[in-house]
Amino acid sequence: MDFTFTEDQRLFCDNVKVFLQNEVTPEALRKSWESESGRSPELWQKLVDIGLTAMLVPEKFGGLGMNAVDFILIAQECGRAALAEPLVETALVGVPLLASLADNDERCAQLLEKIATGERRIAVGHSVNNLISDAHVADYLLLPNGNQIHLVPREQVHLVAQQSVDPSRRLFSVDWKVTEETLLTNGALGVSLLAAALNRGALGAAAQLLGLAEAMVGLAVAYTSDRKQFGKPIGVNQALKHHMANCAVKTEFAKPVLYRAAYTASTHPVHADFAVSHAKVAAGEAALLAAKNSIQSFGAMGYTWECDLHIFMKRAWALDKYWGHAGFHKNRLHQWLLNPNAKIGADKTFGEQA
Amino acid sequence: MDFTFTEDQRLFCDNVKVFLQNEVTPEALRKSWESESGRSPELWQKLVDIGLTAMLVPEKFGGLGMNAVDFILIAQECGRAALAEPLVETALVGVPLLASLADNDERCAQLLEKIATGERRIAVGHSVNNLISDAHVADYLLLPNGNQIHLVPREQVHLVAQQSVDPSRRLFSVDWKVTEETLLTNGALGVSLLAAALNRGALGAAAQLLGLAEAMVGLAVAYTSDRKQFGKPIGVNQALKHHMANCAVKTEFAKPVLYRAAYTASTHPVHADFAVSHAKVAAGEAALLAAKNSIQSFGAMGYTWECDLHIFMKRAWALDKYWGHAGFHKNRLHQWLLNPNAKIGADKTFGEQA
Amino acid sequence: MDLIYTPEQNAFRKEVRAWLAANIPAKPLASFDTQEGFEQHRAWEKTLAKGNWGMVTWPKEYGGRGCNLIEWLIFEEEYYRASAPLRVNQNGIFLLGPTLMEYGTPAQKERFITKMASGEEMWAQGWSEPGAGSDLAAIRSKAIRQGDEYVLNGQKVWSTRAVFADWVFCIFRTDPASERHHGLSFIFVPLNAPGVTVRPIPQLDGLPGFAEIFFDDVRVPVENRLGDEGQGWNIAMSTAGFERGLMLRSPARFQETAKRLVKLYREHSNDILDLSIEDAVVKCYMDAEAYALSTYQTASRLMKGGKIGSESSVNKIFWSELDQLMHETAMNILGWRAELWPQSPAAGDVGHWLDGFLFAQSGPIYAGTNEIQRNIIAERLLGMPRK
Amino acid sequence: MDLIYTPEQNAFRKEVRAWLAANIPAKPLASFDTQEGFEQHRAWEKTLAKGNWGMVTWPKEYGGRGCNLIEWLIFEEEYYRASAPLRVNQNGIFLLGPTLMEYGTPAQKERFITKMASGEEMWAQGWSEPGAGSDLAAIRSKAIRQGDEYVLNGQKVWSTRAVFADWVFCIFRTDPASERHHGLSFIFVPLNAPGVTVRPIPQLDGLPGFAEIFFDDVRVPVENRLGDEGQGWNIAMSTAGFERGLMLRSPARFQETAKRLVKLYREHSNDILDLSIEDAVVKCYMDAEAYALSTYQTASRLMKGGKIGSESSVNKIFWSELDQLMHETAMNILGWRAELWPQSPAAGDVGHWLDGFLFAQSGPIYAGTNEIQRNIIAERLLGMPRK
């Protein structure tokens, strides 16, 4: 029993954090909004070069053979930086799905190798989302059709762009034709792989939401420490202190929940539903509260386009509803709690594994 | 259209307020806890003498012929003073029920006259409460049995005392035998009278809850203005100010809701369900918040028996669940809102009457 | 207490309803934070003024109808019920107009009120400065008298509507040696005067709903001062007299949003999974109703000669948090569609909830943050110690 | 990260479970705020101590088992799972014990620790004074040295358990000229010493869970001082070292309450009308779980040599508000029965939710109000400005 990350995991995360701080500045994000794709192939290649797309690719396919626990701190940093590139969708959601099939499917095996090197990119569809993010920069799309999972080249689909409140997000509805050639799997395996993908998607969104929450609180704390009214920094006011403290409490208690969910998704994916749902709900609440209390601390400044806060707020509002909104995830927990055999109580925290 | 009380109504209320302040002191309440009945016949007679039990008794039966709007401010004062005597149950709930039948039922007519003079007392049972308060000091009990309403002399019932968290409250379960002689009414009239009694019961509880809320905030404001820590009154702390301000907002916005409910219960009792439910929910929330924020402002002192705060807190906790808890009343509103024909929108505030 | 409308009030409601049905633009107007939408809304203000519906509580001589507050509430109810356009002219009709009537000279009233009412001259407000937000008395912009003119220098910020408006009313420091709320004066400035620079400030939705205004040796005649020199603070504080606290947000607006929310809820009642949504919808309905009832109560009291007290602080907190809850709840019902702008092909009938959600973020901030309002309630309404 | 218990940990759990099953009193004990219940609980502490289960993290020489924090968590989980009696000895085992081990002389350790662990000597805490609550440094009670003794005068308040306890540990001002947190010393006083008067303070439930203690020329030997003269503040602040923030409320307590709440909810699921209750139950379960996970995380970190930071403030807010929500939710489920004491004939199986509800009211207040904890988080964890 050891609920800590290794020194290596922390160190790698710190390096990624510094990298993202330098590369994914608010200025860079604002600039990207003006480009048509909203994405930077150069930045993507840098993310590839430091190994991020390869983290969950099995070693035999040229990857690092890591798991969701290794990646979860990275996903948090992607949120903290409000990274627009689809790293989490690719590395945490898409890659493990392909990896589950790659032993028996040469298409998946080859694609994994090329994702690790940056030669190919993917986007992941799921019925819970309706829209697909970053389909326009993908070479292949993973698309569900009932129990089936298809791998479809982008040339074979028709994309319709949708406008999100978050100018960094690029969402698409996808028209495509189901053919035999693109089918990867179906039946029970399809069901379980789609369920696992949903959990990893929610996990990745939860991690980013927590990073976003901390980023917003950081901005608000800095602003209220600096901005003076009545001759003092506004941050001396207890009301603002308590706004920020409330955010910290939510965030601090969402973290272990997130890490447990990552662990369970890695080690016992079939038991991960409620751990993941708990994480998504807790992280969503933390991020929404951080958005609300941060804009309140900024005052009118926080309501402007030029203040960086909205970059993070809008991402938080969007991710809170992505990969299952709060209702979806609370309902999974509720159904489970109604079951008289649900393992709950003081000795059951890690009960599934015991 | 005039949403104010008359000068007479305000003046009478002020007089009652002063009377209760003098008679129903925390010391007097504490003393009453030590008596077996918990009630004071002398105090009851004084309440009778200033006309309070007669307010809603029709003039032809020796009363003042007033209505729920006239009484609602008095009911608030009963809450503010944490009056233990069953004035609200008697005057607002029981009396109008008897009055609805008195034209055709001599028993009711006579009883009304004697309630007005203080010669007789009643207690009111209702299925929503299960227990009956103050049955031990009543001469007659109004008891439901399905659609039937019975008027039963206390000698004919068996009372079992129940212990409430509020030492002022005297609750009883009642065993009794249904007989032909005690029947007052049944059928559709019974249903509608019981429904109206429930609404008046909830209305009276709501009014008392608002009075209690203001009493608690008053105690907490006085304490925090007086008590010093770090060389200043603790009330200078913004967190405590905001605790109290939040209570004030809830209370201020519950008042017009309460008064509208009283008006509707008086003038259109069959349309009063959602107005009353709204009032009960809003007043309950205001009182529970006032209890929570007041004890927090008092600190450890508020947790003691010797601090008067608990007199009011416990009454609030009890009344919030009496005459229908929040769930019961929210559910009535919810069912109504689900109806596509529900009259809602900007021009419908007083739509039922339009 | 009598909660039944008089026959006259019912007749008035009918008249409003009929006029609005006949006159409301068939197509929804563009946002008034765009040039195109601003002019569309200005035209609508002209239409309203022509029918004497611009501000029904104003005296007839200024284009109003001399209505009382209950009639005003009825007008507002019908206005929102009919989904009439938002009022681009609110700085004029709610803020400056009543102030002008109270403090203006006859010449000022004649010069300004009619053109304001007709929408011919649109007004912006210029109070906040970079160093003077919640602490409004920290104003540093100066108006130095030279002969019959004031020479203005300084900067205003968060000036709503200033990007497209014609005039701005401001507070300047006319006594350079003064401090805090002394030595300030209330002055009108045409936004096309030489030396005025307006810098748009885009808001969350990217549109320039705010502006900064820079004054660089701007000259205005002394007649542009409202009230006496040095009286600016008092005028600004009392601006619209008792009505402002009541009129800043009319309850009808929230009742109609609550109605739309209930409708959205009913439409989605089969796919709602969030166990808190039902409760939130009921609460939103109750609170919108409570706000309306509270306003009727206050209006009745004022009509009998009562004075407005800390109602405006209590109101401000209540409606702004209600507005947030209503829009958050709608977002929760909408789920994956919540982030979409209505022009998105997949948005379907998502409506303008997102716009409303963004706007609701500003509620607890503007017109005095809710933290400041809570301080006011605690200190003035409840009597808690200041220091 | 490895969230699987080791075979040794699983074996330890089994051992705890078996011992508790064999030893827990068959009948629930009376409240330890009554004389009878206090003695019943004291007897239970003796039983625990005899089995070396009094405080499993203590060294074996003091009757503990030298367990690490994960083992402590397992012990606590089993303890609450088995509904074992509340710990009347918590002032001793959580607060004073670890402090004595750190600051006590060998003679003090020998004299006090074993009798504390066995329950033979029960301890009360005497920190607050009428003028020194949140502002603890405002202490005025004096201990003036005369030869080998201190002469104590003054008053303590909110002293938990003092009505029936044997000893109290206090902070007194040993330097009469000192101010604030200087010149204070940490002193033990037998509650039967001449000049000590204990006045019970009944709590919300009417039982004397608090007391005031008056000191009127009470004499204690200098050996009753813990640490150096003038070091009292530091000792009090560091009392139980890093473990205290973690151990004040073990997560198992809340997990078991959440479990009971879910059970209550399932039993009433057909008659629940309040649309917010389902949501609250889910939230309670999630938060109880989050608190457990957070504690495991902190325990793991501390076992690797980490230090505890502002976790104790964050924890305090979280568990106290969770405890309130759980009990409020239970009250809402119980409806008309919520106000009944369990001994009421009509109460049925209402259980002890009302007791728990009353106790939950104290959570946000004691051990530093949640307002103070929020200040600490803002200033120390987030770095917001103090002044």
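Throughout, a chain's letter reflects where its sequence line sits, starting with A, and its residues are numbered from 1. It should be emphasised that the depicted structure is a prediction, and the values quoted were computed from it without experimental measurement. Computation of the quantities below employed the complete heavy-atom set of this structure, encompassing side-chain atoms and omitting hydrogens, waters and symmetry-equivalent molecules.
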In terms of side-chain heavy atoms, does D:E278 have a donor or acceptor partner in D:Y265 at a distance below 3.5 Å?
yes
Best-contacting candidate, D:D271, D:L207, D:L358, against chain B by heavy atom pairs under 4.5 angstrom
D:L358
Is D:W158 close to chain B through its backbone or its side chain, or both, or neither, when contacts mean heavy atoms under 4.5 Å?
side chain
With a 4.5 Å heavy-atom cut-off (strictly below), which parts of residues 220-235 of chain B touch chain D? List them by number.
B:R227, B:Q229, B:F230
Of the backbone (N, CA, C, O) and the side chain (C-beta and beyond), which part of D:I272 lies under 4.5 Å from a heavy atom of chain B, both, or neither?
neither
Looking at B:A161, B:A239, B:S164, which one has more heavy-atom pairs under 4.5 Å with chain D than the rest?
B:S164
Would you tell me whether B:Q162 and B:S173 have side-chain atoms, one donor and one acceptor, within less than 3.5 Å of each other?
yes
Between the side chains of D:T257 and D:D323, does any donor sit under 3.5 Å from an acceptor?
no
Under 4.5 Å from any heavy atom of chain B - which part of D:A338:
side chain
With a cut-off of 6.0 Å (strictly less than), are more than 12 heavy atoms of other residues, nucleotides or ligands near CD of D:Q343?
yes
Quick one: what part of B:H329 sits under 4.5 Å from any heavy atom of chain D, side chain, backbone, both or neither?
neither
If you tally heavy-atom pairs under 4.5 Å against chain D, which of B:V165, B:L240, B:N237 wins?
B:V165
